[in-house]
Amino acid sequence: MYTMDYFSTRGAEERVSSAAAILQGLASDGGLYVPAAFPQITLSEIAAFAPLSYEERAVRILRLYLTDYTEEELQGCVSRAYGHTFDDVRRAPVRAVGALEVLELWHGPTSAFKDMALQLLPQLMSTARKKMGEQDTILILVATSGDTGKAALEGFADAEGIRIMVFYPDGGVSPMQRLQMVTQEGANVSVCAVRGNFDDAQRGVKEIFGDAAMAKELAALHTKLSSANSINWGRLVPQIVYYFSAYADLLAEGKIAAGDAVNFTVPTGNFGNILAGYYAKRMGLPVGKLICASNANNVLTDFLQTGIYDRKRDFYQTISPSMDILISSNLERLLYHLTENAGQVDAWMRSLTEEGRYDASSLLPALKENFWAAFADDTATEAEIRTVHERTQYTLDTHTAVAYRAAEGYRSETGDTRPMIVLSTASPYKFGASVLHAFGETADGMDEFAQMERLQERSGMVIPTRLAALRGAKILHEDSCAKDAMRAAVLTFARA
Ligand SMILES: *Cc1c(COP(=O)(O)O)cnc(C)c1O
């Protein structure tokens, strides 16, 4: 067996193990950790996935990258992550919707795709902490505008040797998102409303990470900070699994033969989900095109069509808020893999910080070989939810609708009729008011639970039990703090 090392996208000489990369999160030069090679997997190995469970498939992919974890460690991590918390035994089922296949990534505890990674990351981190002989407690800090906070809390609750504190903007998340967070159980969790907006919360967390005096105070409390955001390698690697799993499911159903190429369409924000598909392709999964779907914040559509990344543009708040992003941090990993030139990546990232743009048009042929891109604004997204429901009786959430439309656009513009798998990233119940609005109804005056019931009548889909159970759940976190008091709140939690 080989050893897989990791190094930074900005300075290729510093090599670390996968456990170190996961524990540390970001490389010391500000770059992202990437594996030294793409491990290869043969068609017959992929075909052998067909009768396996999701957990078994996961171990076969993870062990190719996490070579310093034992097979038993990986099995333990995977079964704790996906075993009892998902409401579908297939974990990430594929289902035919019209002429396309939909890969449902929202059967985890918070009904959104973030669970696929955030259920496993804490397990990988706890194990890494033990393997590295780390004695200190790891304190995870998260600033959230909604979904990530709950998924992180749910994943890290009761993780060994780790504590987590989540800051959300007071009044700046949906009532359902707030309820999901403030009812979170677990002896190692803390949730705090910041009297400010999301930028204030995020800035506060970033300042704490860069605060040397704070690090010293925490060291005296035997505590080290870490982060769970989507640039951590431990969040990317779990996402590679479901690309293989979806392919194996289509094989098992006889919809494709081993070796047939399939296309994937991915509703994209930070470029983490779709990048995992690129990894799968580089490992040998027969993938034709990866279609990058954006909402009105279409910085990635422009980039994949021109090679020029330009964040200097209007920012829109859309009905697919988890894709409202102008800086897609995981793109840095793709730039590295396409150039294998850390100096070049460093120059582009500096240009992005200093000028708000960079020109990577030299990469255009490679980008176009692997990707295709399209976007949909809110009007088009609502129309898509409505027409897909009329045609198929299937209800898409707002993010998945952006993708479904891009997938159809790709097919009609290119004539490529290879099987198309659309990644579905949220249950429609997570964005119930917007989905009801797409159906021509107003949710005004209805509380979150009334909306869910009305959506159930319209969609015929079962309300996820974990969302329904929030009605009457005990509020456990009522703390709030001023935006300049986050540092003190972290110290109070660290001392408790
Ligand atoms: C996070 C998220 C996305 C975007 O995924 P990226 O990995 O950031 O590209 C899309 N849809 C939903 C529902 C999400 O929560």
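One-based numbering, in listed order, for ligands and for the atoms of each.
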request  = Enumerate the residue pairs fulfilling ring pair (Phe, Tyr, Trp, His ring centres under 6.0 Å) with a member in residues 382-404, sequence neighbours excluded, ordered by first and then second residue.
outcome  = His389-Phe439, His399-Phe431

task = Could you tell me whether Phe271 approaches ligand 1 through its side chain, its backbone, both or neither, with non-hydrogen atoms closer than 4.0 Å?
result = backbone

query = For ligand 1, does Lys430 get within less than 4.0 Å through its side chain, its backbone, both, or neither, judged by non-hydrogen atoms?
reply = neither

query = If we only count heavy atoms from C-beta on, is the Glu101 to Asp249 side-chain gap below 4.5 Å?
reply = no

key: Side-chain touch Leu326/Phe315, heavy atoms, less than 4.5 angstrom   = yes

task = Evaluate salt bridge (Lys or Arg N to Asp or Glu O under 4.0 Å) for Glu408 paired with Arg391, printing each intermediate quantity in order.
result = CA-CA 14 Å; Glu408 291 181 320; Arg391 285 197 335 250; 2.8 Å; yes

For [atom], which protein heavy atom lies nearest, and how many Å away is it?
atom: atom 4 (C) of ligand 1; value: Gly269 N, 3.6 Å
atom: atom 5 (O) of ligand 1; value: Phe113 CE2, 3.5 Å
atom: atom 15 (O) of ligand 1; value: Lys114 NZ, 2.6 Å
atom: atom 12 (C) of ligand 1; value: Thr425 OG1, 3.4 Å
atom: atom 8 (O) of ligand 1; value: Asn270 N, 2.7 Å

ask   = If only atom types and distance count, is the side chain of Arg235 paired as donor or acceptor with the main-chain N or O of Ala228 below 3.5 Å?
value = yes

request  = Applying salt bridge (charged side-chain N to carboxylate O under 4.0 Å, His left out), name anything that partners Arg386, two or more places apart in sequence or on another chain.
outcome  = none

inquiry  = Between Tyr65 and Trp233 (judged by ring centroids, cut-off 6.0 Å), do the two rings come close enough to count as a pair?
reply    = yes

message = Would you say the rings of Phe7 and Tyr33 are close, in the sense that their centroids are separated by under 6.0 Å?
response = no

inquiry  = Please verify the inter-ring angle class for Tyr279 with His337; under 30° counts as parallel, over 60° as perpendicular, anything in between as tilted.
reply    = perpendicular

Only heavy atoms of [X], strictly under 4.0 Å: list the atoms of ligand 1 that pass.
X: His399; value: 11 (N), 12 (C), 13 (C)
X: Gly272; value: 6 (P), 7 (O), 9 (O)
X: Asn273; value: 7 (O)
X: Thr268; value: 9 (O)
X: Ala426; value: 13 (C)
X: Pro267; value: 4 (C), 10 (C)

